[in-house]
Number of protein chains: 2
Amino acid sequence: MRDVPRVSEEHLIARREQILDAARVCFLSKGLHNTSMQDLIQEAGLSVGAVYRYFKSKNEIIVAIAGTVVGTVQEHIDEVAGRRLPLADSMSVVLEAIDQQLGPGGFLPVALQVWSEATIDPTIGAIVKDRYEALRSSIRALVVHAVEDGELAPETDVDATTAVLYGMLPGYALQRMLTGLPDKATYMTGVRALISRR
Amino acid sequence: MRDVPRVSEEHLIARREQILDAARVCFLSKGLHNTSMQDLIQEAGLSVGAVYRYFKSKNEIIVAIAGTVVGTVQEHIDEVAGRRLPLADSMSVVLEAIDQQLGPGGFLPVALQVWSEATIDPTIGAIVKDRYEALRSSIRALVVHAVEDGELAPETDVDATTAVLYGMLPGYALQRMLTGLPDKATYMTGVRALISRR
DNA sequence: GATAAAAGAACGAGCATTCGTTTTAGGAGA
DNA sequence: TCTCCTAAAACGAATGCTCGTTCTTTTATC
């Protein structure tokens, strides 16, 4: 139509992702606030102007990261919910996914930064709340299945049980990030002991 | 001895506490890094020089806050461990203490800031690790009591069970801080359902 | 050749911290 | 008890630096 020197749309998306990847790397090692735009720009291998073409402020980058970082475990849980495994096995799969994200390069340390920011910045608070409520309802589906399949008693309080199982996930992640303990196998032993008791 | 115009030791301690109180207030509302020394100094009602007499840097203040913020729940748990209540009741008391610290003025939002910092700053990481390992062993005592009193099966894996119960605490606190749900009663229903099953 | 995209020098604001000065507490001497 | 005196304590203007962001210039694309 117009005579335009425009670059492919994939290229634009790729550039955006390139910036967000750099942001994740920087935020992981230096934290949200100790990462300067200079750090981030250098990590991305771009220029100041290029980055500001895609995000109009540092805060906008943080918001974008908040949106992605929170969504990753979601997919694992939804996928596992579809499989209708025994509850303990589902939990095991989810914990495995968490475990993989704990190490260097994993997104969970960045997620912790985001949680912290969420209590301060209402925009990020809203994003986090939205995402984690979706996560909760995925866990809830696991509990509903367990009741339907007779694995949990019919009179089980679904919401209450959901809340506790849901809490076990960040409970595990936080323990590991802050103290290093326990390993996944130990934690799963405890989880099984609680949910598989007759 | 010397002819000294020195102020009472309580006064020195009180001034220190005055600064730390101001820091807690600021960190709660603006976060560790968006709080400037000016903010903190104004909140404390002191002068720049006065604050720098007691702490030689902003980071030193953050470290001091990390030490105190993490220690408060500890006392509640130790106190409750001494009472040898049924396990679920002990958990209820601890969750009540957590609940009180969730609202405005409570220290848990500041604790979340500190956890986040702990993954970045090794000094704070060490403090947090130390404090939360102490907390873990307090929880462990509750589990040991429950086994001794026949409330949990003799073959219970104490460390695994400790890990899960321990995880339930930040699991609850995080849910509440990030999503607002669930209320304590609901969560306790879930906890009781899991640990009191025969 | 026209315009989007990328570059990077420059800028002002705000930061943590320093330091020379002023105030204050409290013991010594009368 | 009152008055100096001194060092600690408090003060706050000044400093240097780094930050996020803007804006003009250059490059690349169709």
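Order of the sequence lines fixes the chain letters, A, B, ..., with proteins taken first and strands second; residue numbering starts at 1 for each chain.
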Starting at CZ of A:F55 and ending at C1' of D:dT22, how long is that distance when rounded to a whole Å? 19 Å

Using only side-chain N and O atoms of A:Y54, determine if any of them is under 4.0 Å from OP1 or OP2 of C:dA6. yes

Report the distance from atom CD1 of B:I139 to atom OH of B:Y166, rounding to the nearest 0.5 Å. 8.0 Å

Atom CG of B:D39 and atom C1' of C:dG14: how far apart are they, to the nearest Å? 11 Å

What's the NZ-C1' distance between B:K58 and C:dG14, to the nearest Å? 12 Å

In whole Å, I'd like the distance from the CE atom of A:M37 to the P atom of D:dT21. 6 Å

Less than 4.0 Å between a side-chain N and a carboxylate O, is that true for A:R24 and A:E17? yes

Nearest-angstrom distance from the residue atom NE2 of B:H11 to P of D:dA10: 5 Å

Look at A:R192 together with A:D89 and state whether they make a salt bridge at an N to O cut-off of under 4.0 Å. yes

Can you tell me if NZ on B:K129 sees more than 12 non-hydrogen neighbours from other groups inside 6.0 Å? no

Does B:R15 place a side-chain N or O at less than 4.0 Å from the phosphate oxygens OP1/OP2 of D:dA10? yes

Do the side-chain N or O atoms of B:S47 get closer than 4.0 angstrom to the phosphate oxygens (OP1, OP2) of D:dA10? no

Out of D:dA9, C:dA5, D:dT21, which has the shortest distance to the side chain of A:R53? C:dA5

Taking CG from A:L40 and P from D:dC19, how many angstroms apart are they, rounded to a whole number? 12 Å

Whole-Å distance between C:dT18 C1' and B:E60 CD? 16 Å

When you measure from the side chain of B:V48, which nucleotide among C:dA5, D:dT21, C:dT18 comes out closest? C:dT18

Whole Å only: how far is the CD1 atom of A:I41 from the C1' atom of D:dG20? 9 Å

Please figure out whether B:G49 or A:A50 has its closest DNA chain C nucleotide nearer the 5' end. A:A50

Any chance the side chains of A:H33 and A:E117 put a donor and an acceptor closer than 3.5 Å? yes

